[in-house]
Peer 1: 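Okay, here's the structure, questions in a sec.
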Amino acid sequence: MRRIGVLASGSGSILDAILAADLPVVAVVVDRDCRAVEIAGASGVPVELVERKAVKDRVEFTHQVVDALQRHDVELVAMAGFMTILEKPIFDAFPDRVLNTHPSLLPSFRGAHAVEDALAAGVKVTGCTIHLAVPDVDAGPILAQEAVTIRAGDTADELHERIKDVERRLYPDTIKGLIDADA
Ligand code: GAR
């Protein structure tokens, strides 16, 4: 299990950390034009754009993502800030081989606004979770978690940046652990 495909939608800083950790990334799939494309390009990793806006149906979109990953013989999928919900076909194609990082301590604060929701709830500690992805969103067996303390006056951006600092270490380490265990 050595060929990793990374799915990204945003600034790509988690992708950057995975690449910096020398993990064997063979393809990056994005659902929109985003900075992750430049980051992959700078490392010479092929990028596939499966444009979310162009495909209305999410199951069909998922099939196209799977096709893109399979074109590169991907064995392990790492979602790194991928903001489209994927459907059953990806879990059929990569059983127990789809990972995700989420900016909260699951099962608290699932969904696309986890950092804002933690601030709004007034909790004093949040964090990040690396987990096996399943068809249910932000669920699935937890592989690693780390807490991040919320500071008085934190903005969502400030807090998210501190959470991402942890993700940029914890996610590559967790992926490496899985690959080593499978070797
Ligand atoms: C990360 O915090 C990741 O956990 C989050 O997006 C950020 C991506 O950062 N993912 C989700 O919220 C998925 N629901 P990046 O674009 O800088 O790599």
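Everything quoted here is computed from the prediction, not taken from an experiment. Whatever order the structure lists ligands and atoms in, that order sets their numbers, starting from 1.
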Peer 1: Under 4.5 Å between any side-chain heavy atoms of V26 and D73, yes or no?
Peer 2: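 No - every pair of side-chain heavy atoms lies 4.5 Å or more apart.
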Peer 1: Between D16 and R35, does at least one N-O distance fall below 4.0 Å, as a salt bridge requires?
Peer 2: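 Salt bridge absent between D16 and R35.
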Peer 1: Nearest heavy atom to atom 11 (C) of ligand 1: which of E161, M83, M79, R35 does it belong to?
Peer 2: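 Going through E161, M83, M79, R35 one by one, M83 has the nearest heavy atom to atom 11 (C) of ligand 1.
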Peer 1: Which of the atoms in ligand 1, numbered in the order shown and given with their element, are less than 4.0 Å from a heavy-atom of G12?
Peer 2: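 Reading through ligand 1 atom by atom, the close ones are 15 (P), 16 (O), 17 (O), 18 (O).
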Peer 1: Check whether any side-chain heavy atom of K88 lies under 4.5 Å from a side-chain heavy atom of T62, and answer yes or no.
Peer 2: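 With C-beta onward as the side chain, the pair stays apart.
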Peer 1: With atoms numbered from 1 as shown, which atoms in ligand 1 lie under 4.0 angstrom from a non-hydrogen atom of S13?
Peer 2: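 Atoms satisfying the 4.0 Å criterion: 15 (P), 17 (O), 18 (O).
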Peer 1: Pick out which of V125, L119, I163 makes a side chain to side chain contact (heavy atoms under 4.5 Å, CB included) with I150.
Peer 2: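 Of V125, L119, I163, side chain to side chain contact (heavy atoms under 4.5 Å, CB included) with I150 is met by L119 alone.
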Peer 1: I'd like to check which ligand 1 atoms, numbered from 1 as shown, lie under 4.0 Å from a non-hydrogen atom of H102.
Peer 2: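 So the atoms of ligand 1 that pass are 4 (O).
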Peer 1: Between L170 and I179, is there shared hydrophobic-cluster membership here, with clusters defined by ILVMFWY side-chain heavy atoms closer than 4.5 Å?
Peer 2: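 Yes: a chain of side-chain contacts under 4.5 Å links L170 to I179.
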Peer 1: Assigning hydrophobic clusters by single linkage (Ile, Leu, Val, Met, Phe, Trp, Tyr; side-chain heavy-atom cutoff under 4.5 Å), is V6 placed with I175?
Peer 2: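 As far as the 4.5 Å side-chain criterion goes, I175 and V6 are connected within one cluster.
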Peer 1: Among G81, G10, S11, which one puts a heavy atom closest to atom 15 (P) of ligand 1?
Peer 2: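 Checking each option, the heavy atom nearest atom 15 (P) of ligand 1 is found in S11.
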Peer 1: Which atoms from ligand 1 have a heavy atom of H160 less than 4.0 Å away?
Peer 2: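 Per the distance check, 1 (C), 2 (O), 7 (C).
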Peer 1: In terms of atom number and element, which parts of ligand 1 are under 4.0 angstrom from non-hydrogen atoms of T101?
Peer 2: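 Atoms satisfying the 4.0 Å criterion: 3 (C), 4 (O), 10 (N).
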Peer 1: As a test of understanding, state which of D136, D117, T129, D138 forms a side-chain hydrogen bond (donor to acceptor under 3.5 Å, both in side chains) with R110.
Peer 2: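 Single pass found, and it is D136.
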Peer 1: Determine, using heavy atoms of I163 and all atoms of ligand 1, whether some pair is separated by less than 4.0 Å.
Peer 2: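 Checking ligand 1 against I163, which is what was asked, there is no heavy-atom contact under 4.0 Å.
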Peer 1: I need the nearest protein heavy-atom contact for atom 3 (C) of ligand 1: residue, atom name and distance, please.
Peer 2: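 That would be E167 OE2, 3.4 Å.
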Peer 1: Identify which of A80, G111, A112, P103 has a heavy atom lying nearest to atom 12 (O) of ligand 1.
Peer 2: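 The nearest heavy atom belongs to P103.
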